[in-house]
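Comments concern the structure below.
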Amino acid sequence: MPQTDPYQPRHEHRFTFGLWTVGNTGRDTWGHAVREVLSPVDIVHLLAEVGAYGVNYHDNDLVPAEATPSERDRIVRDFKRALKDTGIVNPMATTNLAADPAFKDGAFTANDPAVRAYALQKSLRGIDLGVETGATTYVFWGGREGVESDASKDPLEALKRYREALNYLCAYVKDRGYDLKFALEAKPNEPRSDLFLPTTGSMLAFLHTLDHPEMVGLNPEVAHEQMAGLNFMHAVAQAWDAGKLFHIDLNDQNYARFDQDLRFGSQNPKAAFFLVKFLEDVGYAGSRHFDAHAYRTEDAEGVKEFARGCMRTYLLFKEKARQFNQDREIQALVKAACADDGAMTPYLGTYSAKKAKALRAHAFDLAALRQRGLAYERLDQLTIELLAGVRGSARAGRA
Ligand code: GCO
Ligand code: MN
Ligand code: MN
């Protein structure tokens with residue numbers, strides 16, 4: 001394909017995949033693996049082949065828990081060599097605090113202090129490993145930090161333990177002089193019935209209770225907010241507004257189904273479009289990490305199609321966002337909806353006693369406010385037509 005293809009992934013797009021995403025073997029609660037296990041080195045080469053920018057991993061995706069120190073060193077050496085050979089980079093790493101049976105009651109929030117200490121030790125080692133392979137963002141997803149029964153754990157105690165653990169790890173990073181920031185990833189449920197800090201908004205409030213909030217941001221995930229029935233783009237906007245959008249996990253999800261990790265944009269294309277439009281409009285410069293996996297029906301070739309599809313869909317919507325921003329009719333409707341003749345300027349904005357006095361005395365033309373139609377039906381239909389491809393750049397005009 002020529003370099004000018006706007007849908008060809010390039011390094012500057014910062015598309016990344018976890019080792020566990022394209023490496024997913026299709027094992028689920030009901031069935032065995034359907035695909036071969038790929039080594040980290042194989043995955044790095046696969047990602048280079050499909051045009052990705054980076055690879056992320058959990059400690060044990062790279063180094064198996066049972067590896068000896070010399071095995072660890074060999075694995076890390078081979079991985080770094082593969083990165084060098086392919087030009088793939090490692091922007092993010094994380095700790096697997098979910099798989100080991102020791103974490104059945106949580107990791108940082110487990111009732112057993114030995115489990116909490118083990119979780120900290122695993123995180124310290126995971127941080128060292130991530131830094132060694134170049135990661136500058138370290139994600140915390142508390143997959144087991146929750147309950148099945150509220151009889152089992154005091155949520156205030158759990159929050160206290162969670163806070164203590166993150167404070168400890170922030171202090172470690174500072175102590176070591178690492179160039180590393182943390183990104184917290186919320187999820188409402190799965191694998192546990194109820195996870196603590198279930199939404200991006202909860203995480204955002206929580207991180208400001210930490211000792212070093214400046215080191216800590218968010219890693220919102222599309223499916224996690226959708227599982228809670230929320231508007232993901234709004235959560236991302238709030239994270240951005242707070243200066244806390246450190247990372248993002250892109251995938252898709254059919255609301256109220258099991259945790260699906262679908263190819264980005266494949267289930268809710270309109271929501272995905274507005275998400276891409278948001279990220280591009282504000283100039284988000286971080287990784288676009290696809291935390292998703294191929295359908296269980298797919299073979300190795302299907303996995304590559306899945307990965308290419310995630311990136312291509314992102315770029316398709318990026319181009320559609322550009323068209324949306326340049327479409328005269330769409331922009332006229334947006335502008336009309338927000339039209340401001342300045343009549344309210346004396347009353348709006350920062351409070352003053354004078355302003356409030358004037359506002360209290362103002363008589364509104366409520367009949368006019370109540371009758372006004374906002375033409376959002378037309379605006380949304382034009383959006384759909386743009387996405388469906390029947391509203392090309394010929395009609396869009398120039399911005
Ligand atoms: C999930 C999560 C994970 C995390 C990963 C990185 O639902 O399983 O999204 O994939 O993102 O563990 O922390
Ligand atoms: Mn997820
Ligand atoms: Mn995720």
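As the structure lists them, so they are numbered: ligands from 1, and atoms in each ligand from 1.
A heavy-atom separation below 4.0 Å is not found between Phe140 and ligand 1. Residue contact annotation: Glu190 has no non-hydrogen atom under 4.0 Å from ligand 1.
Of the protein's heavy atoms, Lys187 NZ, 2.7 Å lies nearest to atom 7 (O) of ligand 1. Nearest protein heavy-atom contact of atom 9 (O) of ligand 1 is Glu221 OE1, 2.7 Å. Ranking the protein heavy atoms by distance from atom 2 (C) of ligand 1 puts Glu185 OE2, 3.5 Å first. Remark: minimum distance from atom 8 (O) of ligand 1 to any protein heavy atom is reached at Trp141 CH2, 3.4 Å. Nearest to atom 3 (C) of ligand 1 among the protein's heavy atoms is Asp291 OD2, 3.5 Å. Here the heavy atom of the protein found nearest to atom 5 (C) of ligand 1 is His58 NE2, 3.2 Å.
Remark: ligand 1 and His224 share an N or O pair separated by less than 3.5 Å (distance only, no angle test).
Ring orientation note: the planes of Phe79 and Tyr57 are nearly perpendicular, at an angle over 60° on the 30°/60° scale. Classified by interplanar angle (parallel below 30°, tilted 30° to 60°, perpendicular above 60°), the ring pair Phe258/Trp30 is perpendicular. Classified by interplanar angle (parallel below 30°, tilted 30° to 60°, perpendicular above 60°), the ring pair Phe364/His362 is perpendicular. Ring geometry for Tyr284 versus Trp240: interplanar angle over 60°, hence perpendicular rather than tilted (30 to 60°). Between Phe306 and Phe17, the ring-plane angle classifies as perpendicular under the 30° and 60° cut-offs. Between Phe140 and Phe182, the ring planes are perpendicular. Angles over 60° get that label, and only those under 30° would be called parallel.
Minimum-distance N/O/S atom of Asp291 relative to the Mn ion (ligand 3): OD2. Closest approach between the Mn ion (ligand 3) and any N/O/S atom of Glu221 involves OE1. Of all N, O or S atoms in Glu185, the one lying closest to the Mn ion (ligand 3) is OE2. Looking at Asp249 and the Mn ion (ligand 3) together, the shortest N, O or S contact belongs to OD2.
A donor-acceptor pair under 3.5 Å links the side-chain atoms of Asp299 to the main chain of Gly302, judged by distance alone. Distance alone, capped at 3.5 Å, places no donor-acceptor pair between the Asn268 side chain and the Ala271 backbone.
When each atom of ligand 1 is checked for a heavy atom of Thr94 under 4.0 Å away, the hits are 6 (C), 13 (O). Taking every non-hydrogen atom of Asp259 and a distance limit under 4.0 Å, the qualifying atoms of ligand 1 come out as 7 (O). Numbered from 1 in the order shown, with element, the atoms of ligand 1 that lie under 4.0 Å from a heavy atom of Val139 read 13 (O).
With Lys153 as reference, Asp105 is the one residue of Asp112, Asp105, Asp194 to meet the salt bridge (charged side-chain N to carboxylate O under 4.0 Å, His left out) rule.
Only the side chain of Asp249 comes within 4.0 Å of ligand 1, judged by heavy-atom distances. The proximity of Asp261 to ligand 1, defined as any non-hydrogen pair under 4.0 Å, does not occur for either the backbone or the side chain.
Stacking of Lys320 on the aromatic ring of Phe273 is not recorded, the 6.0 Å distance cut-off and the 45° axial limit not both being met.
Salt bridge status for Glu319 with Arg322: present, with a side-chain N to carboxylate O gap under 4.0 Å.
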